[in-house]
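Report on the structure given below.
A note on names: the letters A, B, ... follow the listed sequences, proteins ahead of strands, and every chain is numbered from 1.
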Amino acid sequence: MTMTDAVPQSPSPALAADELPTTYRAADVESALYARWQAAGTDVASVARVDRTGGTRPPYTIMMPPPNVTAILHVGHGLNNTVQDVLIRWRRMAGDEVLWLPGTDHAGIATQNVVEKQLAAEGSTRQQLGREAFVARTAQFVETTGGAILSQLKSIGASADWTRTAYTLTEPMSAAVTEAFVRLFEDGLVYRGHRVIHWCPRCLTSLSDEEAEFNDTQGAMYYIRYHIADDASRSIVVATTRPETLLGDVAVAVNPTDERYTDLLGRELVLPLNGVRIPVIADDYTDADFGTGAVKITPAHDPNDFEVGTRHQLATPVIMDAEARLNGLGDAVDRVPPELRGVDRFEARQRIVNMLRDIGALVKIEPHAHSVRHCYRCDTVVEPRLSDQWFVKMAPLATPALEAVRTGRIRIMPERWEAVYINWLEGIRDWNISRQLWWGHRVPVYYCDDCGTAPKASRMPITHCSECNAPARQDEDVLDTWFSSWLWPISTLGWPNSDSADLKAFYPGDVLVTAPEILFFWVSRMIMSGYQFMGDAPFHTVYLHGTVRDMQHRKMSKSLGNGIDPMDVVTLYGADALRWTMVAGMGLGVDVLLDPTDLEKSFAPGRNFLTKLWNIGRFLLTKVGTEPVQPLSAIAPDTLTMADRWILDRLDVAITDANDALGPVRPGPSGRWTEAERTMGMRLDAYADAGRRFVWNELADWYLETVKPRLTAGGPDAEVARAVLVHAFDGALRLLQPVLPFITETLWAKLPPLADGSARGGEFLCTTAWPEARTETRSSAVSGDAFELVRNATLAIRQVRNEYKVKPGKVIEVTLVPAAPDAAAAPLLLETIGALTKATVSLHPVADVPAAHQVLAGGTEVVIALAQLRDELSVDDTAKEVARLRTEIDATQKILDGVRAKLGNESFTSRAKPEVVEGARAQERDLAQKVEALTRKVEAL
RNA sequence: GGACGCGUAGCUCAGCUGGUUAGAGCGCUGCUUUCACACAGCAGAGGUCCGGGGUUCGAGUCCCUGCGCGUCCACCA
């Protein structure tokens, strides 16, 4: 049974307190409420409602970064999706037709690795199974385990459009991948390249530059002596970090200007261990100041050496196999001595070093720190490998993507990433898209081995050669996972079908929310594909959020065991607490720090605020009851008390602050962000703070306290108070719905009906309107600002009570001496202050007795006779009070002097902004009054 | 090696185009279990805004520099 169900729609005058437990129990509410949203279709996007396709609403589209299909939700996903959900829920209320499109990624290498591990556990391999069976088995695995993450996303409240859930290996998505490949192939932007690429000897596939990550490693530099052929007296010492590759050397290169080696240019050296003769060549690539100034050139096993080798038309002997064991391939078979054949590269390194030492060719070994590339999926050291791969020519694609950011079509937040993005695109290199895997989209290229006609890329499978009708053979490789990911914003909407209604309605989209780590992998490539295939960017804002880390600032990871399971948090404190903690604690682009060993402390902000909000609701709903309440519009303005005006003003401020924090939704008519707009908005923490401040520090701490007696008093004023109370809370719930969808919806459902029978905007809070600040100016006799006097007087009295340690229950007498008496407000004002401070407050001046004095801004004095604070007065008390006043006078005078000095300065009054100067003048008046009043009091004592 | 960012209360961080007495959350101290909430209320302590120069009537905010930390990029074998 849900909380909502538990409350009958009975016309009982008051909501029984026991219908609402004292603490919010998320577990009783969340899943059932989510199911009701789902049943009502609150998060399903409608093409018909979009203005681009005949409707009236602007679309607001976010594509969910698809998690790996086999992934389990971690707290990083939680953060990422919460941010998206906040934006989506905000815009949904604000009247946009929102589409948040969810889905999963087949994750080529990652998924294949998981299944291969399973096979290994069964004592099998994918090769034993064969390609078809392996793919079937992997698909089966995905079928049974995949999608779990999507239901976990539902548990944290993600209001995505699940009717459009996508998966990169479905038929339509595969068609998009093939279409993109074939178009690029036909345009000459996809080509076959023969070069040294990054190879993972464990995954047995090539990797793109981005997938081969640098890790700083403490290695060694080996100095090895190569002798000149036929001249034992001459030699060159080369420096290398990878001595095992010397078997594949084809030359030693020196800088042409390096005089040390000039006379050896063109001579031949003898490779130790295999006796192969190689030339000494000159090439600018070599830096004379590094190492010995002589570089061994191994074209098949180093990308730079490959370049050098190409320039000098050198051979490319391969001396390692796919598993990175020493083995001479083809002509190079004799380059590897028999005793080293089949030896793993790292073992071989050790053995070769020993062999070199034995023959006296090892000069020295020095420690050497350098960066080594590792496989981003299995962390194996990547082996440069000469092979044939498919590449995408990136420079033409990068041009519009660069322009997009430069001209403001796209903004990247935080802004500093724009420079990184531009820097990367300017130096972009071609993208290796073929992978020697089985799990993924197979390269749609077909070969004829018979007549040798040129390979063809095809949208449809080719079974026979068009030239000679021999059986055609499809390329064995699959495409990089990111080759399907980069199409995500268009393929999920139906591309390449240009008639797709979704594509017309929701492309281009709006915001992309992700982590900076995949700026190159994914974000920039989506921008490129958007321009290439649709002629426009897929979104106008890239929001890069921080990483969730532990208290030692370490990234949370499975291997470190420092992760937080979001589901644990949901179970303990609720999805809203998880969401609130992350959103409220996250500056733009700032990492979120959470302690995995202390969930209680980590999620205290969320849990505490939920409980507070719940209790505010509990109290308010109990007091207000279930009788119909007047809409605010039906309340005559002059019946509003100053407290009413104050809280309504504060609500306006909260709404304005929230809107400012969230910022401009989309660029203006030009379609481009202005320079100023690039950095505006998307401050989710500031938005959350505006909501928290209103509901906790203003509504609960002040307004609720003052409204209590009015409600119990009954009569017309009680109706006014009810109306304002309900309106203010309704506004607060609307404001907080995007971050706290469950608790706000639950409380909102319990608000009493409106007396005019209007429906308050529908069945669900999540689909009602975003609150709007009132535009009409305040026009009452009693301004909401007057309530500030109540607040200040209350604070002053409390301070005195605390200072003199007056018992909490003791009622004291307080005299207020207003600087500018407001006759109309006075009675209520006094009563309210009294209620807030356990005091009887009067305006009658008291005789000059020993008293505590407080002077408020504006000059109103608060006087509390000391006699009632102390059982017996002593001289000390008066002296103490005098001393306190003197201290305060000094402090105030100091500030006043500062302000006066400033105002006396010509440069300030003439150059500072008028409102700043005016503020200083007002401050001067207040401070002067205060000093004067305080001084009078000291004299009186 | 290049580029960028950060260094503000015990901790994590806000502080927009320089202008009131620098803020929040968590933590800490004292008081209070008052009939919404102790996951609370009230009052409070705590900051040379990393150091040093400079620009300015005025700098946490701009410039230079030193120190410390971090991120991204990069073929130095």
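- The phosphate of C75(B) (OP1 or OP2) has a side-chain N or O of Arg429(A) nearer than 4.0 angstrom.
- Here Leu519(A) lies out of heavy-atom contact (under 4.0 Å) with every strand.
- Pro516(A) pairs in a side-chain contact (heavy atoms from CB on, under 4.5 Å) with only one of the listed residues (Ile412(A), Val420(A), Leu544(A)), which is Leu544(A).
- Here the nucleotide nearest the side chain of His553(A), chosen from C57(B), C37(B), U12(B), is U12(B).
- Within the nucleic acid shown, Leu544(A) has no heavy atom closer than 4.0 Å to any nucleic acid atom.
- Within the 4.0 angstrom heavy-atom criterion, no nucleotide atom of any strand lies near Pro303(A).
- Regarding contacts with the backbone of C57(B), a side-chain N or O of Arg911(A) is found under 4.0 angstrom from either OP1 or OP2.
- The cationic atom of Arg195(A) (NZ for Lys, CZ for Arg) does not lie both less than 6.0 Å from the six-membered ring centre of Trp431(A) and within 45° of the ring axis.
- Comparing atom distances between the Val590(A) side chain and each of C13(B), U21(B), C57(B) picks out C13(B) as nearest.
- Using cut-offs of 30° and 60° for the angle between ring planes, the Phe521(A) and Tyr376(A) rings count as parallel.
- Within the 4.5 Å cutoff, side-chain heavy atoms of Arg242(A) are placed close to those of Glu383(A).
- For Ile616(A), counting side-chain heavy atoms from C-beta on, the closest listed nucleotide (A74(B), C72(B), A36(B)) is A36(B).
- Using a cut-off of 4.0 Å between Lys/Arg side-chain N and Asp/Glu carboxylate O, Arg693(A) and Asp689(A) are scored as salt-bridged.
- Going from the P atom of C57(B) to that of G1(B) covers 41 Å, rounded to whole Å.
- Note on His368(A): every side-chain N or O is 4.0 Å or more away from OP1 and OP2 of C76(B).
- Summarising the base pairing, C72(B) is matched to G2(B) through a Watson-Crick or G-U wobble pair whose two defining distances lie under 3.5 Å.
- Rounded to whole Å, the separation between the P atoms of G15(B) and A74(B) comes to 31 Å.
- Listed candidates were A14(B), A77(B), C37(B). Nearest to the side chain of Ala239(A) is A77(B).
- Taking atom P in both C73(B) and G66(B), the straight-line distance is 26 Å, to the nearest Å.
- Within the structure, a side-chain polar atom (N or O) of Trp696(A) is placed less than 4.0 Å from OP1 or OP2 of G41(B).
- Using C1' as the reference atom, U20(B) and G60(B) are 16 Å apart when rounded to the nearest Å.
- Here the shortest heavy-atom pairing between His198(A) and Ser208(A) reads CD2-O, 3.8 Å.
- Within the structure, a side-chain polar atom (N or O) of Asn608(A) is placed less than 4.0 Å from OP1 or OP2 of C26(B).
- Counting any heavy atom pair closer than 4.0 Å across all strands shown, Thr679(A) reaches no nucleic acid atom.
- Looking at heavy-atom distances under 4.0 Å, Phe520(A) makes contact with sugar-phosphate atoms alone, never a base.
- In terms of phosphate contacts, Asn615(A) brings no side-chain nitrogen or oxygen within less than 4.0 Å of OP1 or OP2 of A40(B).
- In the set G19(B), C75(B), C4(B), the nucleotide with an atom closest to the side chain of Lys902(A) is G19(B).
- Side-chain proximity of Trp417(A) to the nucleotides C37(B), C72(B), A24(B) is greatest for C72(B).
- Atoms CG (Leu594(A)) and P (C26(B)) sit 15 Å apart, rounded to a whole Å.
- For Asp591(A) and Leu795(A), each mapped to the nucleotide of RNA chain B holding its nearest heavy atom, the one lying further toward the 5' end belongs to Asp591(A).
- Out of A77(B), A43(B), G19(B), the shortest distance to the side chain of Val916(A) is found at G19(B).
- Across all strands shown, Glu705(A) has heavy atoms under 4.0 Å from base atoms, whether or not it also approaches the sugar-phosphate.
- Taking atom P in both C67(B) and G30(B), the straight-line distance is 44 Å, to the nearest Å.
- As judged by a 4.0 angstrom heavy-atom cut-off over every strand, Ser371(A) is placed among the base-contacting residues.
- Here Gly219(A) lies out of heavy-atom contact (under 4.0 Å) with every strand.
- OP1 or OP2 of G41(B) has at least one side-chain nitrogen or oxygen of Lys612(A) nearer than 4.0 Å.
- Side-chain proximity of Gln923(A) to C37(B), G19(B), U20(B): nearest is U20(B).
- Proximity of Arg692(A) to Phe609(A): side-chain heavy atoms (C-beta onward) are separated by under 4.5 Å at one or more points.
- Taking atom P on both nucleotides, G68(B) is separated from C76(B) by 25 Å, rounded to a whole Å.
- Among the protein residues, Ala912(A) comes within range of the nucleic acid bases, having at least one heavy atom under 4.0 Å from a base atom.
- Contact of Lys601(A) with C26(B) (side chain to base): no donor-acceptor pair of N or O atoms is detected under 3.5 Å.
- Along RNA chain B, the nucleotide closest to Asp701(A) and the one closest to Leu704(A) are compared, and the more 5′ of them pairs with Leu704(A).
- Between C39(B), A77(B), C13(B), one nucleotide has an atom nearer to the side chain of Leu593(A) than all others, and that is C13(B).
- Judged by the 6.0 Å distance and 45° axis criteria, Arg678(A) is not positioned over the aromatic ring of Trp673(A).
- A gap of 12 Å separates the P atoms of A14(B) and A9(B), to the nearest Å.
- Using atom C1' as the reference point in both A38(B) and U32(B), the two lie 10 Å apart (nearest Å).
- Nucleic acid contact for Arg373(A): sugar-phosphate only, since backbone atoms but no base atoms lie under 4.0 Å from a heavy atom of the residue.
- As judged by a 4.0 angstrom heavy-atom cut-off over every strand, Arg798(A) is placed among residues touching the sugar-phosphate backbone only.
- Candidate nucleotides C73(B), C37(B), C57(B) were compared by shortest atom distance to the side chain of Asn423(A), and C73(B) ranks first.
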